[in-house]
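So the structure is just underneath, and the comments pick up after that.
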Number of protein chains: 2
Amino acid sequence: MARTTGSHSDITGPRIRETALRLFARHGFAAVSMRQIAGEVGVQAGALYNYMPDKQSLLFGLMQGHMQELLYESAARTIAADIIARLEDFTRFHIRFHLEKPDAVFISYMELRNLTPENFAIIEGLRRSYEDTLESILRDGSASGVLDVTDTKIATLAVIAMLNGVNTWYRDDGRLTLDEIETIYWDMVRKAVVPNQPIGSD
Amino acid sequence: MARTTGSHSDITGPRIRETALRLFARHGFAAVSMRQIAGEVGVQAGALYNYMPDKQSLLFGLMQGHMQELLYESAARTIAADIIARLEDFTRFHIRFHLEKPDAVFISYMELRNLTPENFAIIEGLRRSYEDTLESILRDGSASGVLDVTDTKIATLAVIAMLNGVNTWYRDDGRLTLDEIETIYWDMVRKAVVPNQPIGSD
DNA sequence: GTTTTATCTGAACAAACGTTCAGATAGCTT
DNA sequence: AAGCTATCTGAACGTTTGTTCAGATAAAAC
């Protein structure tokens, strides 16, 4: 046997990436074999190498694609003049985007150590670019006095870590709607970085 | 050759666990071989099986030990009457404990998917027990009006996610002391869950 | 209808995997 | 000094790994 009926590059290619993304997220990069991916796609392992030079490139491509899409979508948003509005928009966008692509988010955080040093540096650079969009909001707000953060870099990482936490517990059939979740988190983020005057503090 | 000079169970055993912990944290459970662990310890791979039935048990033992120590240390703390004091104590304890054992923390979060279902259930149970200590603080504070959280469960996970984020960027030779870091995070945690009255809000 | 090209198979490769075990010996016990 | 036992070696096992490639064929081009 050889080329199978209905075989097409523009069908098999995406299916390989979808399958790899799902399997990597579920079992981890190192625990998933090329034969396993090929099996779920419906081809032999050798066929995968028409679409990638090696397994490492497959992982890197998935992570790079995800980070670039994140940056693109993030940059495409209109920037409000109001700092608080910008922060709220970032918060809601981050939660929504990350909940839409849990697998890609998962591997982009968990499989960093399986990248070659060169690939790792590229992905880290993309991540830092994204973090910078939040950090510049916090820095601008801090400078104008609208926000009150002790250390903008730490606050940036703290807020992102908190928001990323949603992915660990969110379920589609949960008791809260996406909008309710966004609002709860936005409430906490806002309070954490806005200058406040605690009620009942002595 | 056979038994080597100075070979002892109470030396080799801990060294195997230390080495495995470090390698699992650095490269991932699936990517680390028994021969690799044995090589760094200075024995042959077969010798490892005097200390564990299989590789899975090694991973589970490390995670279980870590979680039990976390729970033990957490439970050993004196419980203040004041809710705010309890929350501050939890925050500072969590950061300090987790920064002291970055490798154990790392694998306890990252390698959950490499546990058998039975082992996974046990570790998840331990984690939930720990989360409950924070949730009960937030619930008590919410009931008495000292705290203001929309959803105690979400707030619990959000705070823990935020605090865990420290481990991703902390370096021993960083520009901030441990106490300064604790204070910055405690400031954000407190503001996020305390009822407040924003300054300059219209 | 023929030729060309893109796509896949199926077998093969050396290397690495977790695990087992008979045999050897260092160190403790007596 | 002799015997015992805990500890380790070194080889072996059957699988599985990522990757390569000659050969086969469906689909596209002409």
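Treat the numbers as computed from the prediction; the structure is a model and nothing was measured. FYI, side chains are in, hydrogens and waters are out, and symmetry mates aren't considered; it's all heavy atoms of this structure. Chain naming here is simple, since letters A, B, ... match the order of the sequence lines and numbering starts at 1 in each.
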Q: Would you sketch DNA chain C in dot-bracket for me? Only Watson-Crick or G-U wobble pairs with both distances under 3.5 Å count, crossing pairs as [ ], other-strand pairs as |, the rest as dots.
A: ||||||||||||||||||||||||||||||

(Q) Pair A:Glu88, A:Arg190 - check salt bridge (Lys or Arg N to Asp or Glu O under 4.0 Å), show working. (A) CA-CA 8 Å; A:Glu88 177 171 4; A:Arg190 179 181 48 75; over 6 Å; no

Q: Would you tell me if any nitrogen or oxygen in the side chain of B:Thr12 comes within less than 4.0 Å of OP1 or OP2 on D:dT7?
A: no

Q: With a 4.0 Å heavy-atom cut-off, tell me which residues in residues 23-34 of chain A come close to DNA chain D, sorted by residue number.
A: A:Val32, A:Ser33, A:Met34

Q: Inspect the contact between A:Glu124 and A:Arg128 and indicate whether a charged nitrogen and a carboxylate oxygen are less than 4.0 angstrom apart.
A: yes

(Q) Is there a side-chain contact between B:Glu111 and B:Leu62 in this structure, where contact means two heavy atoms from C-beta onward sitting under 4.5 Å apart? (A) no

Q: Measure from the side-chain N and O atoms of A:Arg113 to the backbone N and O of B:Ala25, and report whether any donor-acceptor pair falls under 3.5 Å.
A: yes

Q: Using modelled atom types only, decide if a donor and an acceptor are shared between the side chain of A:Gln56 and the backbone of A:Asn114 within a distance under 3.5 Å.
A: yes

Q | All pairs passing ring pair (Phe, Tyr, Trp, His ring centres under 6.0 Å) where residues 26-49 of chain A contributes a residue, at least two apart | A | A:Phe24-A:Phe29

Q: Among A:Ile137, A:Val193, A:Leu138, A:Val194, find the residue that satisfies the side chain to side chain contact (heavy atoms under 4.5 Å, CB included) test when tested with A:Ile83.
A: A:Ile137

Q. Taking the side chain of B:Gln44 as heavy atoms from C-beta outward, which of C:dT9, D:dT19, D:dT9 is closest to it?
A. D:dT9

Q: Residues of residues 48-66 of chain B with any non-hydrogen atom less than 4.0 angstrom from an atom of DNA chain D: list those, numerically ordered, please.
A: B:Asn50, B:Tyr51

Q: Establish, for the pair A:Arg127 and A:Tyr109, whether the NZ or CZ atom is under 6.0 angstrom from the six-membered ring centre and no further than 45 degrees off its axis.
A: yes

Q. To the nearest angstrom, how far is B:Ile37 atom CD1 from C:dC17 atom P?
A. 11 Å

Q.
Quick one, B:Leu58 and B:Ile37 - any side-chain contact, counting heavy atoms below 4.5 Å?
A. yes

**Q.** pair A:Glu180-B:Thr150: side-chain heavy atoms closer than 4.5 Å
**A.** no

Q. C:dA26 C1' sits how many Å from B:Asp10 CG, rounded?
A. 15 Å

(Q) Can you tell me how the ring of A:His66 sits relative to the ring of A:His98, calling it parallel under 30°, perpendicular over 60° and tilted otherwise? (A) perpendicular

Q. Can a donor-acceptor pair be found between the side chains of A:Ser57 and A:Asp54 at a distance below 3.5 Å?
A. yes

**Q.** Which residues share a ring-ring contact (aromatic ring centres under 6.0 Å, His included) with B:Phe93, sequence neighbours left out
**A.** B:Phe97

Pull out every protein N or O sitting under 3.5 Å from an N or O of nucleotides 11-13 of chain C, one pair per line with the distance.
unit_1 : atom_1 : unit_2  : atom_2 : d
C:dA12 : N6     : A:Arg35 : NH2    : 3.3

(Q) Expressed as a whole number of angstroms, how long is the span from A:Ile11:CD1 to C:dA6:P? (A) 17 Å

